[in-house]
Peer 1: 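Submitted below is the structure of interest, expressed as structure tokens.
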Amino acid sequence: MLAQERYEYIIETLNRDCAVKVSKLIKELNVSIETIRRDLEHLEKEGVLQRVYGGAILKKVSVDKLSFDKREEEFRKEKIEIANIATRYISEGQSIALNDSTTNVEIAKNIRNKFTNLTVVTNSLVIATELANNKGIKVILAGGILDNKEYAFYGQLAQNILENFVVDRSFIGVGGVSLNRGISDYDFDTAQIQKIMMKTSKEVIILADSSKIENVSLTKVGHIDDVNLIITDSNINQNILDKYLKNGIEIICK
């Protein structure tokens with residue numbers, strides 16, 4: 001079996017099980033322990049996995065979600081940088097969707113005094129409040145069950161409201177982006193909102209700071225091929241950036 005075939009087998013196993021054992025790989029691939037160790041070292045350098053005692057795990061499978069207030073303070077400089085790039089992809093007269101992400105709050109601050117004819121669909125109370133005083137911006141708030149830690153609406157009612165609209169572009173802040181595992185986030189309710197925004201948008205733009213690129217969160221949102229553009233910050237590793245571009249994924253950081 002060629003090295004590339006082994007890599008693909010290991011990645012497929014990780015995508016399915018989130019972990020692999022060296023002993024199992026030796027048996028299934030019929031190769032030596034030294035070969036498997038070299039393979040895992042190579043894939044770790046590629047950012048696919050993290051080696052652990054006796055095997056490897058999918059790199060950074062995240063299950064914890066900080067509250068909105070705590071997330072707002074994390075990577076603030078990077079979020080502002082991403083929001084400034086994203087704002088360039090908004091034009092007068094457009095309809096856009098902004099999910100309840102702290103990066104999208106920064107976008108709302110940008111567009112508050114910049115546009116006079118815009119429709120914004122959101123499930124975020126913070127974003128709706130941010131835009132409330134601009135008479136030229138029509139805000140459609142997808143109300144539902146208010147999460148008082150996230151200041152956002154979730155649940156079936158919010159989903160039903162979102163499904164009634166088709167927007168020009170959706171800007172979706174997420175918890176993880178991976179070439180192999182796709183788009184992911186921390187919890188089920190958040191992911192349902194993101195899925196609908198992706199489905200009801202003509203163009204999907206994913207917002208993720210560099211710490212979330214090649215990171216996997218708990219809940220699958222969509223495939224990488226469902227996305228038109230990924231916007232990240234300038235701290236992204238150049239090797240990761242090149243890998244995405246070589247795979248035909250449009251990703252920008254400036």
Side-chain angles (χ1 to χ4, degrees), residues 68-143 146 150-153 158 161-175 177 183 185 190 193-194 196-213 221 226-236 241 249-254:
F68 179 90
D69 291 329
K70 290 181 180 178
R71 294 201 321 277
E72 194 172 29
E73 296 306 315
E74 277 204 333
F75 301 104
R76 186 168 182 79
K77 179 181 176 183
E78 289 80 0
K79 290 171 184 175
I80 292 172
E81 184 179 4
I82 293 169
N84 288 341
I85 298 170
T87 305
R88 303 202 306 257
Y89 290 84
I90 302 173
S91 304
E92 287 283 4
Q94 277 190 328
S95 58
I96 63 171
L98 303 175
N99 78 312
D100 56 296
S101 80
T102 50
T103 304
N104 273 332
V105 172
E106 297 300 328
I107 291 179
K109 291 176 182 177
N110 283 354
I111 67 176
R112 181 177 54 195
N113 299 315
K114 187 173 182 179
F115 293 92
T116 58
N117 180 21
L118 205 63
T119 298
V120 178
V121 180
T122 185
N123 68 314
S124 168
L125 186 60
V126 178
I127 290 172
T129 303
E130 198 68 53
L131 300 174
N133 289 328
N134 187 323
K135 295 181 180 179
I137 297 180
K138 180 187 293 183
V139 178
I140 299 172
L141 180 60
L146 178 64
E150 294 299 314
Y151 312 116
F153 295 95
I161 293 171
L162 289 173
E163 286 177 339
N164 283 293
F165 301 95
V166 177
V167 299
D168 294 313
R169 283 178 173 158
S170 59
F171 295 83
I172 303 176
V174 299
V177 177
I183 310 301
D185 214 294
T190 302
I193 296 294
Q194 293 163 327
I196 293 171
M197 285 187 174
M198 289 178 71
K199 183 177 71 174
T200 58
S201 177
K202 297 174 186 175
E203 292 186 16
V204 176
I205 298 177
I206 295 297
L207 313 174
D209 68 64
S210 53
S211 72
K212 296 173 182 175
I213 305 296
V221 175
D226 298 332
V227 174
N228 297 98
L229 174 66
I230 299 169
I231 301 177
T232 188
D233 61 79
S234 55
N235 293 325
I236 187 170
L241 186 65
I249 306 302
E250 189 171 357
I251 179 170
I252 59 172
C253 60
K254 59 183 178 180

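Here the structure is a predicted model, which means the values were calculated and not measured.
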Peer 1: Applying the side chain to side chain contact (heavy atoms under 4.5 Å, CB included) test to Ile249, which of Ile230, Val227, Val177, Leu241 qualifies?
Peer 2: Ile230
Peer 1: One pair to check against side-chain contact (heavy atoms from CB on, under 4.5 Å): Ile90 and Arg169. What are the steps and the verdict?
Peer 2: CA-CA 8 Å; Ile90 302 173; Arg169 283 178 173 158; over 6 Å; no
Peer 1: Taking the side chain as everything from C-beta on, heavy atoms only, tell me whether Ile82 gets closer than 4.5 Å to Asp209.
Peer 2: yes
Peer 1: What's the spacing between Ile96 CD1 and Met197 CE if we round to 0.5 Å?
Peer 2: 10.0 Å
Peer 1: To the nearest 0.5 Å, what is the distance between OG1 (Thr122) and CG (Asn99)?
Peer 2: 7.0 Å
Peer 1: Rounded to the nearest 0.5 Å, what separation is found between the CD1 atom of Ile231 and the CD1 atom of Ile85?
Peer 2: 6.5 Å
Peer 1: Before you tell me yes or no, could you show the steps for Lys109 and Val105 under side-chain contact (heavy atoms from CB on, under 4.5 Å), namely the whole-Å CA-CA distance, both residues' side-chain angles and the distance that decides it to 0.1 Å?
Peer 2: CA-CA 6 Å; Lys109 291 176 182 177; Val105 172; 4.0 Å; yes
Peer 1: Calculate, to the nearest 0.5 Å, the distance between atoms CG and CD1 belonging to Asn123 and Ile161 respectively.
Peer 2: 10.0 Å
Peer 1: Rounded to the nearest 0.5 Å, how far does CG of Leu141 lie from CG of Leu162?
Peer 2: 9.5 Å
Peer 1: Working to the nearest 0.5 angstrom, can you tell me the gap between Met198 CE and Thr200 OG1?
Peer 2: 10.5 Å
Peer 1: Kindly determine whether Ile183 and Asp226 satisfy side-chain contact (heavy atoms from CB on, under 4.5 Å), including the steps that lead there.
Peer 2: CA-CA 9 Å; Ile183 310 301; Asp226 298 332; over 6 Å; no
Peer 1: So which heavy atom on Asn228 is nearest to which on Glu203, and how close?
Peer 2: OD1-CA, 3.1 Å
